[in-house]
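Take a look at the structure set out below.
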Amino acid sequence: MQWTLVIPLKPLARAKSRLSDTAADGVRPGLALAFAQDTVAAALACPAVRDVAVVTDDALAGRELAALGARIVPDEPRGGLNTALAHGAAVVRAVRPESALAALNADLPALRPHELERVLDAAAQFPRAFLADTAAVGTTLLAATTGRELLPSFGTDSRARHRASGAVEIALAAVDSVRQDVDTGKDLRAALALGVGPRTAAAAARLLIPEQ
């Protein structure tokens, strides 16, 4: 099964505020862009991924991610994360109604294509499925196969909400790179330990990363 990934990205100036313990205000937008670039590049290198649609209104991010091969979908509803994902899914399915869709976080800088492929292959066995984040509270990927609605419910306690909505939780070992999103300095250190993409590595090298 070939998938279209829908990746939401808020304006960079407002991104990653919880990284304030690690990155100053002037640094965080560049770091958020680096996360998204490494995420999109890894996703496009995954054999199970047909294409990637990024839902964003940030002009710089749009240009940089389009240069990697992503389709940019303007966030016309401007109603928050789940509304952006639903909009992106609708835009994709207006062109290809049969598309299998997966919503993916934009802050997975350690993402490895072969691990993403394993997760998507597992998701293909169910109408809707999701992968919990490292903290086992949130969600990093939500998938819907052909003919199924995505029904995103990201945010606080999204793991429980996606499970309650009928999505099947994907239980796979050794897919840490797909689970490790980055919201805090601790998360960033964990991603660096896994091995991040080149843009995040370059951006993180300019930071003083506190020791664990």
Side-chain angles (χ1 to χ4, degrees), residues 1-9 32-56 61-73 75 81 84-133 138-152 154 162 167-182 191 194-200:
M1 184 176 292
Q2 290 286 294
W3 297 82
T4 293
L5 303 190
V6 181
I7 299 179
L9 181 63
L33 176 57
F35 294 166
Q37 288 173 300
D38 285 335
T39 300
V40 167
L44 287 169
C46 174
V49 173
R50 173 186 289 176
D51 53 8
V52 171
V54 176
V55 183
T56 187
R63 289 195 301 271
E64 294 294 331
L65 297 174
L68 293 176
R71 174 184 180 181
I72 305 304
V73 177
D75 184 10
L81 175 60
L85 284 169
H87 172 63
V91 168
V92 169
R93 286 226 168 123
V95 177
R96 285 201 306 272
E98 79 288 353
S99 289
L101 297 175
L104 184 72
N105 287 10
D107 58 350
L108 298 170
L111 186 64
R112 291 174 170 79
H114 69 278
E115 292 186 9
L116 177 59
E117 183 178 24
R118 290 185 61 218
V119 172
L120 292 172
D121 285 349
Q125 307 306 311
F126 308 100
R128 291 175 63 244
F130 72 95
L131 185 74
D133 62 10
T139 303
T140 57
L141 180 142
L142 173 68
T145 54
T146 301
R148 302 290 179 163
E149 295 299 319
L150 196 57
L151 303 178
F154 286 83
H162 284 137
V168 175
E169 182 167 1
I170 297 168
L172 282 179
V175 291
D176 294 348
S177 76
V178 196
R179 297 183 187 273
Q180 186 59 68
D181 54 355
V182 177
L194 285 174
V196 295
R199 298 164 188 83
T200 301

- According to the interplanar angle, ranging from 0 to 90°, do the rings of F130 and H162 count as parallel (below 30°), tilted (30 to 60°) or perpendicular (above 60°)? tilted

- Please round to the nearest 0.5 Å and tell me the distance separating atom CZ of F35 and atom CG of L9. 11.5 Å

- Has E149 got more than 12 heavy atoms of other residues, nucleotides or ligands less than 6.0 Å from its CD? no

- Using the test side chain to side chain contact (heavy atoms under 4.5 Å, CB included), find all partners of F126 that sit at least two apart in sequence or belong to another chain. A129, V168

- Message: Taking the side chain as everything from C-beta on, heavy atoms only, tell me whether L150 gets closer than 4.5 Å to R93.
- Response: no

- Note on the structure: In short, A86 meets P152 closest at the heavy-atom pair N-CG, 4.2 Å

- Query: Between the main-chain N or O of D181 and the side-chain N or O of N105, is there a donor-acceptor pair closer than 3.5 Å?
  - Reply: no

- Query: What is the distance from atom CG of L33 to atom CG of D38, rounded to the nearest 0.5 Å?
  - Reply: 9.5 Å

- Query: How many angstroms lie between atom OG1 of T145 and atom CE of M1, to the nearest 0.5 angstrom?
  - Reply: 5.5 Å

- Query: Is it true that a side-chain atom of T140 and a backbone atom of V178 form a donor plus acceptor pair closer than 3.5 Å?
  - Reply: yes

- Nearest heavy atoms of R199 and Q37, plus distance in Å: CD-CB, 3.2 Å

- Task: Of all the heavy-atom pairs spanning I7 and A106, show the shortest one and how long it is.
- Result: CG2-CB, 3.6 Å

- Rounded to the nearest 0.5 Å, what's the gap from OG1 on T139 to CG on L104? Could you check? 11.5 Å

- Quick one: are L116 and L5 in side-chain contact, heavy atoms under 4.5 Å? yes

- Task: Please report the closest heavy-atom contact between A48 and E117, naming both atoms and the distance.
- Result: CB-CG, 4.1 Å

- Message: Is it the case that the side chain of D75 and the backbone of A84 share a donor-acceptor pair, with hydrogens and angles ignored and the cut-off at 3.5 Å?
- Response: no

- To the nearest 0.5 angstrom, please state how far the CG atom of L141 sits from the CG atom of L131. 6.5 Å

- Note on the structure: Here the gap from L85 atom CG to L142 atom CG, rounded to the nearest 0.5 Å, amounts to 8.0 Å

- Is the backbone N or O of L108 less than 3.5 Å from a side-chain atom of T39, with the two atoms forming a donor-acceptor pair by type? yes

- Item | Closest approach of A70 to L44 (non-hydrogen atoms, all atoms of both residues) | N-CD1, 4.2 Å

- Task: Examine distances only and state if a side-chain atom of T4 and a backbone atom of L101 form a donor-acceptor pair shorter than 3.5 Å.
- Result: no

- Message: Quick check: closest heavy atoms across I170 and A123, and the distance to 0.1 Å?
- Response: CD1-CB, 3.8 Å

- Message: Could you check whether any side-chain N or O of S177 sits under 3.5 Å from a backbone N or O of R112, counting only pairs where one atom can act as donor and the other as acceptor?
- Response: yes

